[in-house]
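What you see below is based on every heavy atom in this structure, not just the backbone, and it leaves out hydrogens, waters and symmetry mates. The model shown is predicted, which means the values in this text are computed figures rather than measured ones. Sequence lines set the chain letters: A, B, ... in the order given, protein chains first and strands last, and positions in each chain run from 1.
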Amino acid sequence: IQQVGFSYDWEREIDTTDPHYYRWTQWIFMKLFEKGLAYESEKPVWWCDGCKAVLANEEVDANGTCERKGHKDVYRRPLRQWILKITAYAERLLKDLDLLDWSEPIKEMQRNWIGKSTGAEVTFPLEGHPRGSGDPETGYPLKACGNDTENDAIRVFTTRPDTLFGATYMVLAPEHAMVAKLTTPDQKMAVDAYVATATHKSDLDRTDLAKDKTGVFTGAYAINPVNDKKIPVWIADYVLMGYGTGAIMAVPGHDTRDLEFAQAYKLPIEIVVQAPEGKESLGFVGDGVSVNSGLITGLPTPEAKQKITKWLEEKKIGKEAIQYKLRDWLFSRQRYWGEPIPVVHCAKCGPVLIPESELPLMLPEMKDYTPTGNAEPPLAKAADWLKCKCTKCGGPAKRETNTMPQWAGSCWYYLRYLDPKNATAPIDPKKEKYWMNVDLYVGGAEHAVLHLLYARFWHKVLYDIGVVSTLEPFQKLTNQGMILGEDSQKMSKSRGNVVNPDVMIAQYGADSLRLYEMFMGPLEMTKPWANSGVEGVYRFLGKVWRLFIDKEDKLHPSIVQRTPNAAELKTLHKAIKKVTEDLEGLRFNTAISALMIFMNEIASEQDHSREMLEKFLLLLAPLAPHVAEELWQRLGHTTTLAYEKWPAYDDQYLVEDQAEMAILVGGKVRAKMVVSRNESDDAIRKMSLEHPRVKELLVGKVVKKVIIVPGRTVNLVVADA
RNA sequence: GCGGUCGUGGCGAAAUGGCAGACGCGCAAGACUUAGGAUCUUGUCCCGAAAGGGGUGGGGGUUCAAGUCCCUCCGGCCGCACCA
């Protein structure tokens, strides 16, 4: 049986400074590059003028303050970066979630993060570029695309093509490449000023929903292709460059944001969807019936969407389209520590991979690997290392100075862990086949999106190039809940509520700490720490110890060689069954409580069967391994209990001869009776009706029905006579 | 705003739709002790002397039976957040 459990503590499981680990991580990058899944692009990074350094996202707080030194002068600055094209795998990452045994909330988080929307792309010609000025074949301006300044049309994405007739204006993101081209001379000053402020705003300012929407008219007009109406083109920062085409058709009648904007700037608003009975049509964003909408008037929203999309396709001015919220993955860091990216830059050939024979490419030894003071990464200071030859043309070239993020190693450590010393391949295919995929992955919910999405992406790429044989890396995923401080707040140094495990171990031992963490409550639940709780499980372990060991530190004389009696067997097998099933389901808290019940039940016995106590130790072992192992040895065993067979339970010992049943009259517990196990339903019915207390209650009533739940309850359904 | 999740004693929590509060903490009383912050025993949801009654965030519903299923409202936590 393969039971591989992993937790996200990978830097302890893998030697991250191992040159071979560098080699294969870089090798995977090369495969990504070869497949066109790694590309360079200008992307903004946080720059702190005070530190004179690039900051990581987590080093900038919500107000745009540098968390290192508290500098206020942090802003976005575009930088050449390596990007991985995770969006090319968006559909597979979404679809294959169905193959996984993960909790629904985590799957849902990934689905939201990937954010698939189905709708349509529609091309809006610009005024002054009539039909025919674009593509000669279609007779329509098709040269419409987000960043193409040769456009004579604007392309938008919408999930509501059925509201096209209500599109009364258009909005471009301030960064949209068409802005400069479109803007009329008299609007240029206003537009330039708006664009300048927008780029200096922090993301937080821009996405603050509480703030009023702002924007500027460009002076240009577009034509709504469904009704040939002339509509103004605006720019506004509520439209994001990073999603869709960076441009929208605004339908103020049926989009909350567009409505807000239209009201602020007195733009026309048209109602094109009739809301259902009792709801206001203005601002209605749900499904209704199309009105004032030409060929789709009278159709319910879903059908209207279909029909208008088909019409757009026929006219070659639009088509069905899918958009994802998922963005490509910014993969480079301006840090020293990290795997160097195995690329050289040649003036003639551009970015080129180094030869595979040169792997691993290690970091150069540097006296000073602090930031350079400009946006260049620290490696830019390693002059000798930097100089190299172009792989393609042999001419002079420079090494890439960005390094990989920590995510790189964490994306495939679970594979390398199975074959950590392999120098000729990332992993031996035989080992991969034997072990993969990971049966159980335990980690915090903080990895729900980033790590678990990145690792799945790499895994799928490795699948495509034949390195792994499974579509997904982690079959079952469980998120352990966070343990809060005793004040029910997140543990943090600043709150001073951090519980140090070393202190706990020194005071109570590792088994007590471990046992308490499992006993606190369900694994996946957030729960507060309580020192008194540790005390409780510590006492339990003390009780166990004293059961085996007497005051002279010798094996307790009450442990004798004898067959357990029926009562003991019942106690034992009850515990075996419960612990076995609970461990399977990761319900450690109730497994431990079953062991406590076992202890309570045998507490009053004069002597104990050795055989029974040995089985008990085996049950305890996974939960408190040190104590269990020590007692195992004290019993005279010379080998570890780790390799002993897990005890099996036998249902025959669990059968109760008698059961106490509750008698319910009209749904309320009114009496109790003891019945033997094999009593027939008829007999039970008779006994319950003859119970003196029940007889009293039944005066003036008739019993209409009797429902018997074996061994538990008898419910007498009554009515007035 | 959207998505998710959770509301049960003084506290952490149990409970295939079938006797709510298992187990542990805390508390109380007792035992053993020179002593106990060690250990053991007993008790501990609320009202009530008892008989009995009430009780799983509020309200409604389904069911012979609801902590559990459905609707609705309130509150906490987590994630995303102007995603067109």
Among the nucleotides [options], which one has an atom lying closest to any side-chain atom of [X]?
{"X": "A/Lys668", "options": "B/G54, B/U5, B/C19", "result": "B/G54"}
{"X": "A/Arg539", "options": "B/G18, B/C25, B/C19", "result": "B/C25"}
{"X": "A/Pro528", "options": "B/A84, B/A65, B/G12", "result": "B/G12"}
{"X": "A/Ser593", "options": "B/U16, B/A22, B/A84", "result": "B/A22"}
{"X": "A/Lys527", "options": "B/G12, B/C40, B/A84", "result": "B/G12"}
{"X": "A/Glu108", "options": "B/G54, B/A13, B/G4", "result": "B/G4"}
{"X": "A/Trp113", "options": "B/G4, B/G3, B/C80", "result": "B/C80"}
{"X": "A/Phe157", "options": "B/A84, B/C25, B/G24", "result": "B/A84"}
{"X": "A/Val717", "options": "B/C19, B/C64, B/A13", "result": "B/C64"}
{"X": "A/Pro522", "options": "B/A84, B/A14, B/U5", "result": "B/A14"}

- Any side-chain donor-acceptor pair under 3.5 Å between A/Tyr194 and A/Thr214? yes
- For the residue pair A/Glu535 and A/Tyr508, confirm or rule out a side-chain donor-acceptor distance under 3.5 Å.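 Judged by distance alone, the side chains do pair up.
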- Message: For a quick check, tell me whether the side chain of A/Lys704 and the base of B/C64 share a donor-acceptor pair closer than 3.5 Å.
- Response: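 Donor-acceptor pair under 3.5 Å: no.
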- So, does the side chain of A/Lys325 form a donor-acceptor pair with the base of B/C80 at under 3.5 Å?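 Between B/C80 and A/Lys325, which were checked side chain against base, a qualifying N/O pair under 3.5 Å is absent.
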Is the shortest distance from a Lys or Arg side-chain nitrogen in [X] or [Y] to a carboxylate oxygen in the other one below 4.0 Å?
{"X": "A/Asp582", "Y": "A/Lys578", "answer": "yes"}
{"X": "A/Glu601", "Y": "A/Lys570", "answer": "no"}
{"X": "A/Arg514", "Y": "A/Glu517", "answer": "no"}

Pair partner, [N] [Watson-Crick or wobble, under 3.5 Å]:
{"N": "B/A81", "answer": "none"}
{"N": "B/A13", "answer": "none"}
{"N": "B/A28", "answer": "B/U42"}
{"N": "B/C69", "answer": "B/G61"}
{"N": "B/G7", "answer": "B/C74"}
{"N": "B/G52", "answer": "B/C47"}

Hey, does the side chain of [X] come within less than 4.0 Å of [N]'s phosphate (OP1/OP2), counting only N and O?
{"X": "A/Ser117", "N": "B/A84", "value": "yes"}
{"X": "A/Asn600", "N": "B/G24", "value": "yes"}
{"X": "A/Arg670", "N": "B/G53", "value": "yes"}
{"X": "A/Lys107", "N": "B/G4", "value": "no"}
{"X": "A/Arg693", "N": "B/G52", "value": "yes"}

- Write down the distance separating the P atoms in B/U44 and B/C78, rounded off to the nearest Å.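 The same atom, P, in both gives a distance of 38 Å.
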Using a heavy-atom cut-off of 4.0 Å across all strands, would you classify [X] as base, sugar-phosphate, or nothing?
{"X": "A/Glu535", "answer": "nothing"}
{"X": "A/Asn589", "answer": "sugar-phosphate"}
{"X": "A/Asn715", "answer": "base"}

- Message: Syn or anti for B/G21, given that syn means the glycosidic angle lies within 90° of 0?
- Response: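 In terms of base orientation relative to the sugar, B/G21 is anti.
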- 5'-most by nearest nucleotide on RNA chain B - A/Ala594 or A/Ile248: A/Ala594
- Taking for each residue the nucleotide of RNA chain B bearing the nearest heavy atom, is the 5' side occupied by A/Gly536 or by A/Ala662? A/Ala662
- A/Lys213 to A/Phe261, cation-pi by 6.0 Å centre distance and 45° axis angle: no
- Query: Any idea how A/Trp234 and A/Phe217 line up, ring-wise: parallel (<30°), tilted (30 to 60°), or perpendicular (>60°)?
  - Reply: tilted
